[in-house]
Every structure is written in C-alpha cells, then in structure tokens.
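By convention in this document, chain letters (A, B, ...) are assigned in the order of the sequence lines, proteins followed by strands, and residues within each chain are numbered from 1.
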There are 2 protein chains.
Amino acid sequence: MTLEIDRSGHGSATDQRVDLAVSTVIFALRPHPVTGEPTVWLPLVRRIREPFEGRWALPGGPLQPHEDLASSAQHTLERTTGLTPNHLEQLYAFGRVDRSPDRVVSIVYWALVRAEEDAQVLPVPNVEWFVADEVSGLAFDHDDIVEYALTRLRAKITYSPIAYGFLPEEFTLAQLREVYEAVLGRQLDPANFRRQMIGRLQATGRCLEGLSHRPPALYRHDPTPSRTTLTFEETR
Amino acid sequence: MTLEIDRSGHGSATDQRVDLAVSTVIFALRPHPVTGEPTVWLPLVRRIREPFEGRWALPGGPLQPHEDLASSAQHTLERTTGLTPNHLEQLYAFGRVDRSPDRVVSIVYWALVRAEEDAQVLPVPNVEWFVADEVSGLAFDHDDIVEYALTRLRAKITYSPIAYGFLPEEFTLAQLREVYEAVLGRQLDPANFRRQMIGRLQATGRCLEGLSHRPPALYRHDPTPSRTTLTFEETR
DNA sequence: ACAAAAGTGTTACTAGTACACCCATGC
DNA sequence: GCATGGGTGTACTAGTAACACTTTTGT
C-alpha cells in the first residue's frame, strides 16, 4: 500500500485508478517452419502471474514515471530480444473497460528488427518466437492487437520506406523484394519492382558474389526525404 | 488525499504514479472571420487552475475507471459543444515526460461535427471557438497536438469518406466540394470533383431550389464499404 | 552450352488533371 | 437574352501491371 495524492479531483475511497502499460509488437523475418519462405515472426512472453497466467502475451510492462512512451517500448524490446529496433512507431492505445479484469490501458508500439542480428540472439527465458499470422489464444485482447499491427505493417510498407528495417545495411534488390513479398504475402514482378525501388536506393558499386548466376548489385537505403505520410515523431 | 493500492509492483513512497487523461480535438466548419470562406474551427477551454492557468487548452479530463477511451472523448465533446460527433477517431497518445509539470499521458481523439447543428449551439462558459490554423500559445503541448490533428484530417480526407462528418444528411456537390476546399486549403476543379465523388453518393432525386441559377441535385452519402484504410474500431 | 537470376524494353491500362463546352434556371 | 453555377466531353499525363526479351555469371 502506498499513500497517493489524488490529483483527479473527484476521487473517493472506492475509486480505482486506471493502470497504464506499454507493450510492443516486435516483427522480424524468419523462414517459415513448413515452406521455408521468409515470413513475419514475433516474440511473445509467457505470463507468470494472473490474470492469464501461463498464456502468451505481448512483451511490455507498466510505464515508469521518468520514462517516455517510445523509450519504454524500446527498453521492452531490448529486454525481450537483445536487439535495437530499426523502426519503432506507436500503434494504438487500447483501453476497453473489459479488456482485463483490472483496468489497464495499454499503449502499444510496433517495431521492426533485422533478421541477420535476430539469428544470433541468445534465447531469453519465457520468450518464444511465433509466426505472426498463426498466433491465437493470447492473453487479454492481444490477438486483436497483433492482427491490427499486421494490418498496419502491410498498409505502411506500400507507401513508406520501412522495409529496410528488416534488412542489413547493404542488400540486393531480390532481398528487398523478398521482404515485400513476405509482408504482403504475394509474388511481385521483379522487373517492375526494380523500377519502383531504384530511385530510392544508393548503389554501392559492389556486387554480391559466389552465387551460381549473375551477381546482383548491392544497394543501400537512400535516406533522402521523399514524400511519405509522417508519424507524429517525424512531423516535429 | 485518497488511500490507493499500489498495483504496479515496484512502488515506493517517492514513486509518482502516471496520470492518464483523454482529450479531444473537435473540428467544425465555420466562415472565416475575415474572408468569409468556410474554414476549420475548433473549441478550446480556458484552464481555471495551474499548471497553465488562464491559457487555452483542448477539452478533456482524467479517464474514469468505468469508461472506455472513445466514450470519454465523446462525453468531453458533448459537454463542450452540446453536439454528437459525426466522426470520432483516436489520434495519438502523447506521453513525453516533460510535456507537463506533473506526469500526464494524454490519449487524444479527434472528431468532426456538423456546421448546421453547430450554429445553433448555446455558448458554454469558458469555451471559445478558434480558427484551427491560427491557434498558438496553448497549454501543455497542445499546439503540437492541434497541428498534428490537422495533418491527419487533411491526409485522411483524401482517401477516406469523412467529409460527410461536416455536412447534413443531404447536400449538394458544391457543398461537399467546399468541405474539401476548406480542409485542403485549395480550389478543386468542379468537373473532376464531381466524377470522383459521384460513385460514392446516392442521388435523392430532389434538388435544392430557390437559387438564382440551375438548381443542384441533392445527394446522400452511400455507406457501401468501398476500400479504405481502416481505423482499429472499424477493423473489428 | 545451359540454368538461373539480373536487368531492359515495350505495350496496355488506369486514375488523375486541365480545360473547352453545353445545360438549366432566375432575373 | 444573359449571367451563374450545374454538369459533360475529351485530350494529356504519370504511374502501374504484364510480359517478352537480353545479359551475366557458375557449373
């Protein structure tokens, strides 16, 4: 029990406060366990207390008074995966009264991490990775949240240069196309894809060698601010 | 002072809790005071206590434990304007540590109300309407929030049928075009505008009469779900 | 030489834009 | 008739999609 000053101006002894948590949907690409195709995965944490003890849930926790929202999301991500996000963006604030037995509002972020680093990560206790499209039975309303995060990822990749968040510094056009195909779930024409992307890329001059065919050129993301829809942080 | 149970699991006597508030950016169209052109306005509330006592701020208040986020936003809107929103959508959760002397996270909604009803509304004490593009010097980070809400309004009107939120049930194409022109801040070609809109409208068969020229047809919004980007509530 | 993937050229289609023009009404 | 805004036709443009074709490497 802690003595708290009631700043809401209308409290009473029976007045519950609303708890505030920050959670993060962390996306990475890994091969699908059956098909081997690049697929969107995400890490979940097994709950070790009620409510929903034993169920899988999005990583997160209560917001610390000294911490910004995005910092909280990023720290959760680093604790859960040992990685630094390549893209981090607020998803939505979920606050239905009935989403938890106690009253919790969750501000949810979504993030992209690189598959290359991801593969080197040591396993974290109580954390397991799942194919994003196949998760269900999560704690709270986290099924809905994951589905909505996927919707946003798939929408945003079509008009904003976020695909690089899944890739290393240098990459081939085929790798970039694989990212789009994994996220959108359909094949893209390599010829047209090339023409659409080439303007936003910097050629490194080098090629990826050692394959059994013509060596593809390596590119780097050109951060020239081409016109996109901006998130709040980006508009400031 | 109220006795509160510390549910965060890491509290101490010096541990401040984070307060949670819900605010609403309410947009309506009114004639510009100088030009007379339809313009985006919004109501603000004068703060009657510190911090920022005497400054204008977005209407809102602490989230009640029994209330959903959107309900809280809507109740604030009804208290402030006496109106029912025609469109209500979550904007963003603002939580920078330094945005207020005490620690407050604000979940902000934005809403559209109809100008017709709006004109009949009785004045509410401490509430005043301002031209949205001209507000500045607001309390907290509310200048930034208003600017971001305008950015979202202008972006969303280009790909989502929200303009009807400003209009009565039946309207002419010229009225609909005026809404777009007011929001986007530029003239639109009437001929092309007609062709772009006509597919999403239901003709009522009636016309607006009594003008000194050819009477324009009256239309109604066709709620057939054409493909748009969906907000979270709409995806469920 | 052949397979495989990189990369180019060409055409068709679509959505948006600019703008000339006709239509229907009140005065 | 004439002014005014409602409403139609049409040509131009840019971006996308489909797909045939050429290039360059390893084996």
With sequence neighbours excluded, residues passing side chain to side chain contact (heavy atoms under 4.5 Å, CB included) with A:Ser71: A:Glu67, A:Asp68, A:His75

Grab the CG-C1' distance between A:Leu201 and C:dA6 for me, whole Å please. 15 Å

Ring pair (Phe, Tyr, Trp, His ring centres under 6.0 Å): which pairs involve residues 167-191 of chain B, sequence neighbours left out? B:Tyr164-B:Phe171, B:Tyr180-B:Phe193

With sequence neighbours excluded, tell me which residues meet ring pair (Phe, Tyr, Trp, His ring centres under 6.0 Å) with B:Trp110. B:His87

Would you please name every residue forming a side chain to side chain contact (heavy atoms under 4.5 Å, CB included) with A:Pro38, sequence neighbours left out? A:Glu178, A:Ala182

Tell me yes or no: between the side chains of B:Glu147 and B:His142, is some donor less than 3.5 Å from an acceptor? no

For B:Val25 and B:Ala149, work out which heavy atoms get closest and say how close. CG1-CB, 3.9 Å

Which atoms of nucleotides 22-24 of chain D (N or O only) lie under 3.5 Å from a protein N or O atom, and what are those distances?
from, atom 1, to, atom 2, distance (Å)
D:dT23, O2, A:Arg214, NH1, 2.9

Nearest-angstrom distance from the residue atom CG of B:Leu218 to P of D:dG6: 12 Å

Among residues 183-192 of chain B, which residues get a heavy atom nearer than 4.0 Å to DNA chain C? B:Asp189, B:Ala191, B:Asn192

I want to check one thing: is the phosphate of D:dG6, taken as OP1 and OP2, less than 4.0 Å away from some side-chain N or O of B:Arg194? no

Would you sketch DNA chain D in dot-bracket for me? Only Watson-Crick or G-U wobble pairs with both distances under 3.5 Å count, crossing pairs as [ ], other-strand pairs as |, the rest as dots. |||||||||||||||||||||||||||

Return each pair, listed once, that meets salt bridge (Lys or Arg N to Asp or Glu O under 4.0 Å) where at least one residue sits in residues 181-195 of chain A; pairs must be two or more places apart or across chains. A:Arg177-A:Glu181

According to side chain to side chain contact (heavy atoms under 4.5 Å, CB included), who are the partners of B:Ala132, at least two apart in sequence or on a separate chain? B:Phe27, B:Val40, B:Leu42, B:Leu150

Below 3.5 Å, does any donor atom in the side chain of A:Arg195 face an acceptor in the base of C:dG7, or the other way round? no

How many whole angstroms separate atom CG of A:Leu176 from atom P of C:dG7? 13 Å

Would you call B:Arg154 and B:Asp133 a salt bridge, taking side-chain N to carboxylate O under 4.0 Å as the test? yes

Grab the N/O contacts between the protein and nucleotides 13-16 of chain C below 3.5 Å, and write none if there aren't any.
none

Flag, side chain of A:Thr80 to backbone of A:Glu78, donor-acceptor distance under 3.5 Å: no

Indicate yes or no: does A:Arg99 engage A:Asp141 in a salt bridge with an N to O separation below 4.0 Å. yes

Excluding sequence neighbours, so at least two apart, what forms ring pair (Phe, Tyr, Trp, His ring centres under 6.0 Å) with A:Trp41? none

From CD of A:Gln175 across to P of C:dG7 the rounded distance in Å is 12 Å

Report the distance from atom CZ of B:Phe193 to atom P of D:dT8, rounded to the nearest whole Å. 15 Å

Counterpart residues, side chain to side chain contact (heavy atoms under 4.5 Å, CB included), relative to B:Thr204 (two or more places apart): B:Glu170, B:Arg206, B:Leu218, B:Arg220

